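One structure below.
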Amino acid sequence: MSGTETRGTTRPEPARAPVAVPATAVSDDGHGLPDHQRPELGALGLFSVLLGAALPLIDFFIVNVALPTIEEDLDAGPALLELVVAGYGLAYAVLLVLGGRLGDTFGRRRLFVTGLAAFGLTSLACGLAPSPWVLVVARAAQGATAAMMVPQVLGTIHAATTGHRRAKAVGLYGATQGLSMVVGQILGGLLVAADPWGTGWRSIFLVNLPIAAVGLLLSLRTVPETRSPRPEPVDVPGTVLLAAALAALLLPLTEGRAAGWPLWTWVLLAASPVLALAFHRVEARADRLGRTPLLPPSLLRLDSLRRGLALLPPFGIGFGGLMFVLAIALQQGLRMTAVVAGVALAPFALSVFAASFAGPRLVARYGAGRLVTFSCLLQLVGGALLVLTSWRYWPHLSAWGLAPAFVVTGFAQGLQLPVLFRIVLSDVPHERAGVGSGVLTTTQQAALALGVATIGSLFLALLGPWGMRDALLAALLAWLGAIAVTGVLSLGLPRTIS
């Protein structure tokens, strides 16, 4: 870490309340500025960037509830519906690390504001899509704009907060992520049912326009500009290879079942590990030569980052698949309306929100690693309760009957996710804040898309021969398996974090 970076971001926190730097004051994370002009992220600025972080995740999950309506209105088959969800996640995941690098170079606030504006425009394109393929393309573009915006959130928090304020901000970021995943489906149900101005499912995208406009106004006034003091050029070979490796894995898993597993799906699956190995070698060579690759292998040598990052794939795969499956099971299996299906998940969201307040105190008392392990055990309890409830009472389940399982599971996830984010980023050097946040969000988003592609495809494949209840139970057991893997890996996490 450079001396200028340390002076700009790790100074002792002043006793007085922080004074936000005017948004027009551009600095290299405090380089060459007096104390009172160094970039600090105030409460309203934090709200602004957290709003930007919530939008892309809400949009990943908001579509789930609207899928039956989209299928009917646009005459889209199951394969296209999966692509509407996973295509967004693929574009998002592929470009996240690049988005973090661009923010480090050109200014994080600049990239955040640009990405937020573009997210609003691509949301409009989704809302006006006349055909399923146009919707798929617009969703991929929307995912790309989200990748420009989201890495700047953690990068800005990392560069413009210190000490307790940083720990609190990262905790709120994690809570926002967990809450957004569930709120997306609740909001989707409410909007589809309300059918404002006859827009139907299109309202789930059009609602982003006023939210993005508010976010833009707030960000321009309250978010300080930060960037790395040593900007690096874009790693083009690394970006291309990472995109190819993720696409070769996710595309066949998403489309293979519906397409009957043609030859191209197996070719891409076989190419995926080869491309991943090539990506690793290119990045390692660039690191040895003193360049800054897209994903520096030296960053993965940080024990806290490596151990924390290992938990995100099973967590994301399980949760991404669960939300996709529940959206279909509640509406098509239990014949709930979109709004009732959304409201059924309200206990989940409320529990996530409540856990976000309890988490920091529990970390201080019991340690980060122990809390993550405990939350996995609690999720297994909630998951087992959901399995037993579905097995015993299907197809006469109500929102009230699902509430106990959702309360337990939501509280466990609300405890887990913020702590994982804090662990991953705890030792990342400040000058690599954008890269570190890009690595984290890439892993998370790729895992969510992979969950739709794997657990979602398993559920749809079993739906015909097994029926809705048994296909749901199989998907829930796969989700519980992912939680169990997360719990085992959590045993290696550090107890304390900075």
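In this text the structure is predicted, and so the values were computed from the model without any measurement. The figures that follow rest on heavy atoms only: side chains count, while hydrogens, waters and symmetry mates do not.
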Q: Taking all heavy atoms of Ala129 and all of Arg202, pick out the closest pair and write down the distance.
A: O-NH1, 2.7 Å

Q: Look only at the side chain of Ser490 and the backbone of Gly487, and say whether a donor-acceptor pair between them is shorter than 3.5 Å.
A: yes

Q.
So, using salt bridge (charged side-chain N to carboxylate O under 4.0 Å, His left out) as the criterion, who are the partners of Asp470 when residues are at least two apart?
A. none

Q) Just by distance, do the side chain of Ser219 and the backbone of Leu216 share a donor-acceptor pair under 3.5 Å? A) no

Q: Determine yes or no for a side-chain-to-main-chain donor-acceptor pair under 3.5 angstrom, with Ser375 supplying the side chain and Val372 the backbone.
A: yes

Q) Is there side-chain contact between Leu44 and Arg221, with at least one heavy-atom pair below 4.5 Å? A) no

Q | Pairs involving residues 240-270, ordered by first then second residue, that meet ring pair (Phe, Tyr, Trp, His ring centres under 6.0 Å) (sequence neighbours left out) | A | Trp261-Trp266

Q: Mark yes or no for whether Ser272, through its side chain, and Leu268, through its backbone, hold a donor-acceptor pair below 3.5 Å.
A: no

Q | Considering all heavy atoms, the nearest Gly127-Phe205 contact | A | N-CB, 3.8 Å

Q | Trp394 and Leu473: CA distance, side-chain angles, deciding distance, side chain to side chain contact (heavy atoms under 4.5 Å, CB included) verdict | A | CA-CA 11 Å; Trp394 190 275; Leu473 292 176; over 6 Å; no

(Q) Any side-chain to backbone donor/acceptor pair from Thr409 onto Phe406? Under 3.5 Å, distance only. (A) no

Q: Find the distance between CG (Leu388) and CZ (Arg392) and round it off to the nearest 0.5 Å.
A: 11.0 Å

Q: Look up atom SG in Cys376 and atom CG in Leu480, then write down how far apart they are to the nearest 0.5 Å.
A: 11.5 Å

(Q) Rounded at 0.5 Å granularity, tell me how far CE in Met336 sits from CG in Leu402. (A) 5.5 Å

Q: Evaluate whether atom CZ of Arg281 has more than 12 neighbouring non-hydrogen atoms of other residues, nucleotides or ligands under 6.0 angstrom away.
A: no

Q) Where do Gln444 and Leu96 land on the side chain to side chain contact (heavy atoms under 4.5 Å, CB included) test, with the steps shown first? A) CA-CA 10 Å; Gln444 178 196 23; Leu96 272 165; over 6 Å; no

Q) Is there side-chain contact between Ile455 and Phe459, with at least one heavy-atom pair below 4.5 Å? A) no

(Q) Any non-hydrogen side-chain atom of Trp391 less than 4.5 Å from a side-chain atom of Arg469? (A) yes

Q | Side-chain donor or acceptor of Ser203 paired with backbone N/O of Gly200 under 3.5 Å | A | yes

Q) Going from CH2 on Trp201 to CG on Leu135, what distance comes out if it is rounded to the nearest 0.5 angstrom? A) 5.0 Å

Q. Under 4.5 Å between any side-chain heavy atoms of Leu102 and Met148, yes or no?
A. no

Q | Test side chain to side chain contact (heavy atoms under 4.5 Å, CB included) applied to Arg108 and Phe112, step by step | A | CA-CA 6 Å; Arg108 298 181 185 112; Phe112 178 81; over 6 Å; no

**Q.** Heavy-atom side-chain proximity of Phe119 to Asp59 below 4.5 angstrom
**A.** yes

Q.
I need the minimum non-hydrogen distance between Ala248 and Leu275, along with the two atoms involved.
A. CB-CD1, 4.0 Å

Q.
Return the CZ to CG distance between Phe47 and Leu50, rounded to the nearest 0.5 Å.
A. 8.5 Å

**Q.** Distance-minimising heavy-atom pair for Ala212 and Gly120
**A.** CB-CA, 4.3 Å

Q) Any side-chain heavy atom of Leu263 within less than 4.5 Å of one from Val267? A) yes

Q. Is the backbone N or O of Arg227 less than 3.5 Å from a side-chain atom of Asp104, with the two atoms forming a donor-acceptor pair by type?
A. no

Q | Closest approach of Leu191 to Ile62 (non-hydrogen atoms, all atoms of both residues) | A | CD1-CD1, 4.3 Å

Q | Validation row: Leu386, Trp479 side chains within 4.5 angstrom (heavy atoms) | A | yes

(Q) side chain to side chain contact (heavy atoms under 4.5 Å, CB included), that's the test. Do Ile204 and Val63 meet it? Break it down for me. (A) CA-CA 7 Å; Ile204 67 174; Val63 174; 4.2 Å; yes

Q) Between Arg139 and Tyr88, what is the shortest heavy-atom contact and its length? A) O-CD1, 3.3 Å

Q) Do any pairs count as a side chain to side chain donor-acceptor pair (under 3.5 Å) and have a residue in residues 377-386, sequence neighbours left out, and if so which ones? A) Gln379-Gln413, Gln379-Gln416

Q. So, the side chain of Ser351 versus the backbone of Val407: is there a donor-acceptor pair under 3.5 Å, distance only?
A. yes

Q) At what distance, to the nearest 0.5 angstrom, does CG of Leu218 lie from CG of Leu46? A) 12.0 Å

Q.
So Leu472 and Trp466, do their side chains get closer than 4.5 Å, heavy atoms only?
A. no

